[in-house]
Amino acid sequence: MTVAFSPKSDFLRVLIERGFVHQCSDFAGLDEKALAGGLTAYIGFDCTAPSLHVGSMLPIMMLRWLQKTGGKPIALMGGGTTRVGDPSGKDEARKLLTIEQIEQNKDGIRQVFDKFLDFQSGAIMIDNAEWLTKLNYIDFLRDVGRHFSVNRMMSMDSVKMRLERDQELSFIEFNYMCLQAYDFVEINRRYGCLLQMGGSDQWGNIVTGIDLGRRMGAPQLYALTAPLLTTASGAKMGKTAAGAVWLNADMLAPYGYWQFWRNTEDSDVGRFLRLFTELPLDEIARLEALGGAEINEAKKVLANEATAMLHGREAAETAAETARKTFEEGVLADSLPTVALPASEAIGMGVLTAFVRAGLVASTGEARRQIKGGGLRLNDDAVADERAALVAGDFRDGVAKLSLGKKKHVLLKAE
């Protein structure tokens, strides 16, 4: 998306040049604040899973660039709002988690931010449970709730789309935008935060916070949203046949993360290099211009840089070497992702179940569809019979190689 604004601040210049900006409530006003230095901004992350997935990398990078250009980033953990559930983009209510589950998820999510933000130099992490769980309901209705228009809330996409599809919207979800708006006002009061950023699906919630701030006597607040990413083929960013591309290494090994980026579609390479690496724009332009088979070199650079930022340079180099041995030399690299099972369970396991257990497909139904298309391989031989089972001879030195297409491999080890 082309933004018709020429910023003076490094913060907005970088975000616009690299493709992070979809909408802004006031470009000129925000640019002035950023130019003055010390701009404080936050992005909220609800604790719905033990790890964030690769779709969260775009907002994380926005916070990172804010800090690199002199601003103060706040990573807001939604320990309070996760108890309610954000209806944005959902056709049905999110599953309500226990307090213990939310805390465990929060601990897992925290691991990622240490790699992207410098908490010794101004970045902070906070949890909205700190103030939301202490609210008195009657006081909240009287002091905050009176500023919300139900008419306007009904016009928000997160509400309107659910109702238009005749999907139930619970009262607790209807309150989510009130809590998110109140977060903005509270974070401004506590930390002097003037900007909330997020995905474009959060625009309505963020500007509701700006309006609430105006009504409650806060200074001028600002909204900045990024485009919701899809690949060139229209697929949602970060979703694969085997499920989400997780950021925590215990949920997706560095090799699997590297391979995700290596499999980027040709027409997405330049865009993803701008968004998910810190390579200079002239170098990205050079890589983006590569044609034919040479574009694969650009994909390797993308995979190396993105993986190094998350898992470290050594892990990225190991993943790249594993891929080289596997694809260029045909070697069964011992650093491929490995799933170990008792031999008594592995030998005799149905081939469909084996691919699900390996994490290459999300379900046996997906495995059947892949078999029909010739997409599943066992020890480099196409799987033709969906009723087949693994036998002892499939485990060479105790290891069977399962492949989805030509690029995704997992070793199944029988112990």
| message | Please determine whether side-chain contact (heavy atoms from CB on, under 4.5 Å) holds for the pair M62 and L224, giving the CA-CA distance in whole Å, both sets of side-chain angles, and the decisive distance to 0.1 Å. | response | CA-CA 10 Å; M62 293 174 78; L224 181 70; 4.3 Å; yes
| request: Would you check, one step at a time, whether the test side-chain contact (heavy atoms from CB on, under 4.5 Å) holds for L63 with M197? | output: CA-CA 9 Å; L63 289 175; M197 302 187 290; 3.9 Å; yes
| said: Using the rule given for side-chain contact (heavy atoms from CB on, under 4.5 Å), can you reason through N128 versus Y182, listing the C-alpha separation, both sets of side-chain angles and the distance that settles it, and then say yes or no? | reply: CA-CA 10 Å; N128 60 17; Y182 181 71; over 6 Å; no
| task | Decide side-chain contact (heavy atoms from CB on, under 4.5 Å) for T69 and L39; before the verdict, give the C-alpha distance in whole Å, the side-chain angles of both, and the deciding distance to 0.1 Å. | result | CA-CA 10 Å; T69 55; L39 174 68; over 6 Å; no
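Proximity of L287 to V269: side-chain heavy atoms (C-beta onward) are nowhere separated by under 4.5 Å. I126 is not listed as a side-chain neighbour of Y42, based on a closest heavy-atom distance of 4.5 Å or more. Side-chain contact between L12 and F5: present, with at least one pair of heavy atoms (C-beta onward) separated by less than 4.5 Å. The closest side-chain heavy-atom distance from V245 to H53 is not below 4.5 Å. You'll find the side chain of L275 reaches within 4.5 Å of the side chain of L229, heavy atoms only. Side-chain atoms of V14 and K68, non-hydrogen and from C-beta on, never get closer than 4.5 Å to each other. Between L76 and T81 there is no side-chain heavy-atom pair separated by less than 4.5 Å.
T133 places no side-chain N or O within 3.5 Å of a backbone atom of E130 that could act as its donor or acceptor partner. Although no hydrogens or angles enter the test, the distance criterion places a donor-acceptor pair under 3.5 Å between the side chain of Q67 and the main chain of S121. Looking only at distances, a side-chain donor or acceptor of N263 sits under 3.5 Å from a matching main-chain atom of Q259. Between the side chain of S51 and the main chain of N248, a donor-acceptor pair closer than 3.5 Å is present. Put simply, the side chain of D46 never gets that close to the backbone of T48: no donor and acceptor are under 3.5 Å apart. Under the 3.5 Å distance criterion, the side-chain polar atoms of T82 are matched with a main-chain donor or acceptor of C47. In this structure a side-chain-to-backbone donor-acceptor pair under 3.5 Å is present from R18 to R274. Without hydrogens or angle criteria, R83 side chain to G79 main chain gives a donor-acceptor distance under 3.5 Å. Side chain of E345 to backbone of P342: no donor-acceptor contact under 3.5 angstrom is found.
Test F116, W261, F260, Y257 against F276 for ring pair (Phe, Tyr, Trp, His ring centres under 6.0 Å) and you get one pass: W261.
Side-chain contact check for Q196 and Q180: at least one donor-acceptor pair (N or O, by modelled atom type) lies under 3.5 Å. E366 and Q370 form a side-chain donor-acceptor contact under 3.5 Å, judged by distance and modelled atom types alone. Side-chain N/O atoms of W65 and D10 include no donor and acceptor closer than 3.5 Å.
Within 6.0 Å of NZ on K299 lie more than 12 heavy atoms contributed by other residues, nucleotides or ligands. Residue-environment remark: NZ (K115) exceeds the threshold of 12 foreign heavy atoms within 6.0 Å. With a 6.0 Å radius and a threshold of 12 heavy atoms from other residues, nucleotides or ligands, K33 has its NZ atom at or below the threshold.
Between the OG1 atom in T264 and the CZ atom in F272 there is a gap of 6.0 Å [rounded to 0.5 Å]. For the atom pair N188 CG and L195 CG, the distance stands at 11.5 Å (nearest 0.5 Å). Separating the CD1 atom in I210 from the CG atom in L221 is a distance of 6.5 Å, to the nearest 0.5 Å. F355 CZ to S363 OG: the interatomic distance, rounded to the nearest 0.5 Å, is 13.5 Å. Taken to the nearest 0.5 Å, the CD atom of E386 stands 6.5 Å off from the NZ atom of K372. With rounding to the nearest 0.5 Å, the separation of CD in Q23 from CD in Q202 is 12.5 Å.
Note on E17 versus R13: salt bridge recorded, some NZ/NE/NH1/NH2 to OD/OE distance being below 4.0 Å.
The ring of F45 has its center closer than 6.0 angstrom to the ring center of F113.
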